[in-house]
2 protein chains.
Amino acid sequence: MAAKSEQTRQHLADIALRMFREVGFEKTTMRAIATEAGVSVGNAYYYFASKDDLVQELYIQVQAEHAAKAQQALEGLTDLGSRLKATLHAGLDVMAPYHRFGADFAATAIRPTSPVNPFAGESTAAREASLGIFRAAVEGASPPAPKKLRADLPELLWLGYMGIALFWVYDTSEGQRRTRKLVDGAVPLIARGLSLAKIPGVNMVLDDVLSLSRSIRN
Amino acid sequence: MAAKSEQTRQHLADIALRMFREVGFEKTTMRAIATEAGVSVGNAYYYFASKDDLVQELYIQVQAEHAAKAQQALEGLTDLGSRLKATLHAGLDVMAPYHRFGADFAATAIRPTSPVNPFAGESTAAREASLGIFRAAVEGASPPAPKKLRADLPELLWLGYMGIALFWVYDTSEGQRRTRKLVDGAVPLIARGLSLAKIPGVNMVLDDVLSLSRSIRN
DNA sequence: ACTCAATTCTGAACACGTTCAAAAGGAGAC
DNA sequence: GTCTCCTTTTGAACGTGTTCAGAATTGAGT
């Protein structure tokens, strides 16, 4: 039965993720994972082609948790500011246990060859999944975001989220307090910034920014 | 004499950098560097504590070339737009030979423990050196940048440069044409964006952005 | 029950970055 | 010359991620 195989795979993933959390990425060896799981090293490689693949496993899981938590937190929230704030804090909540692992994750994810890389390729699974969370936050908002920006806003916010995640990696304040402050401070500014889009001078520059961003993508 | 020792060190660095350029970071082994340089592996480690240290050596060199090339290119340029453009293109010129190495460099640099990391710590050598180049571009400009922004602008531009560098890493167009286009398109927009700082509504939001950015740093 | 192919698992082996005890070299003092 | 101390160099050894030829197990068909 396929269940047995799946069980071994899941067991390996669970143990690897726990060890990543508890002792960090570099200190968690493939041998230790295999031993702890009661299998041979080779067998671990039968299920995960590389140590980075285990990182992807973690990424998928964190991603799914973020989506679920954000969706729940969004219930009842209408204005874009609250929705964005809830989404960002949900992300930080989910990442929290892995903070000590953050730097190694970033180093892995940044490689163009990594399956976790959010920038590489046109539409990696990683990118699409993450983007969807922000699309949900923007699309459900009322009053809605400015027409002109609505299409690009999720991507821009997602990009901002990548920046926040990077800030978080380097944030050594307890409980990553500073990153929380950054989110709380930045969100209202973004909301207010969006309302500036109506001012003629700003509007024109914005047009050009958007058209540049579109022309660069090809 | 100290010269002999310095010569070995330099020889190792030269060979390592050439190999990084020609075959990439991961495929360049310490053993290969040592062999090519005609010394033992252990001796290479006598001069460079780790493979990452060789990356730092490269970084310092690229940095110095960028500073020199930018300074030269700035001569005679007065308006901020031209100066910024020249500075950014100078950076791309200097990085160009190392494009295939870019991803590995980014992965190394992003680690908080790396000496090359531009974000970690308050003032790493890497950060200060790089920042100085943009300070020079801003300070020599006439008409000068808006008073309110003058202090923070170099840091903001430097941050933008980090973003451009990241874009460059993933830019597989020949000669990284797209990154050049990005620079050419973005610079005028930045210049025009700066002039918006005078509009009252924009000005207020800007104030809050700056004060948030300052409060977050501690 | 037996066969046989596919799936799952094993552990030795490889190349790598890195470490380290010890050897070799060099420069001044006597 | 040779003794002494510091710098420089060596190469074997360690632990790591990863590979691979083959052993064990499983499951379907007869």
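Chain letters run A, B, ... following the sequence lines, proteins first, then strands; residues in each count from 1.
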- Less than 4.5 Å apart, any side-chain heavy atom of Arg100(B) and any of Phe25(B)? no

- To the nearest Å, give me how far apart OH (Tyr46(A)) and C1' (dT25(D)) are. 12 Å

- Message: Using whole Å, what does the distance between atom C1' of nucleotide dT25(D) and atom CD of Gln7(A) come to?
- Response: 16 Å

- Message: Is it the case that over 12 heavy atoms from other parts of the model lie below 6.0 angstrom from the CD atom of Glu65(B)?
- Response: yes

- Message: Taking any heavy-atom pair under 4.0 Å as a contact, classify Phe48(A): base, sugar-phosphate, or nothing.
- Response: nothing

- With the sugar-phosphate defined as primed atoms, P, OP1 and OP2, and the base as all remaining atoms, what B/S/- string results for nucleotides 13-20 of chain C, 5' to 3', for protein heavy atoms under 4.0 Å? B--BBBBB

- Could Arg135(B) and Trp158(B) be counted as a cation-pi pair, given that NZ or CZ must be under 6.0 Å from the ring centre and within 45° of the axis? no

- Message: Could you tell me if the side chain of Leu156(A) sits less than 4.5 Å from the side chain of Phe134(A), heavy atoms only?
- Response: no

- Item | Spacing between Arg9(B) atom CZ and dT9(D) atom P, to the nearest angstrom | 13 Å

- Query: Just by distance, with hydrogens left out, do Asp53(B) and Tyr47(B) show a side-chain donor and acceptor under 3.5 Å apart?
  - Reply: no

- Query: Over how many whole Å does the gap from Leu12(A) atom CG to dT10(C) atom C1' extend?
  - Reply: 14 Å

- Query: Does atom CD of Glu155(A) have more than 12 heavy-atom neighbours from other groups under 6.0 Å away?
  - Reply: yes

- Task: Provide, to the nearest angstrom, the distance between the NE2 atom belonging to His11(B) and the P atom belonging to dT9(D).
- Result: 11 Å

- Tell me: CG of Asp104(A) to P of dT16(D), nearest whole Å? 15 Å

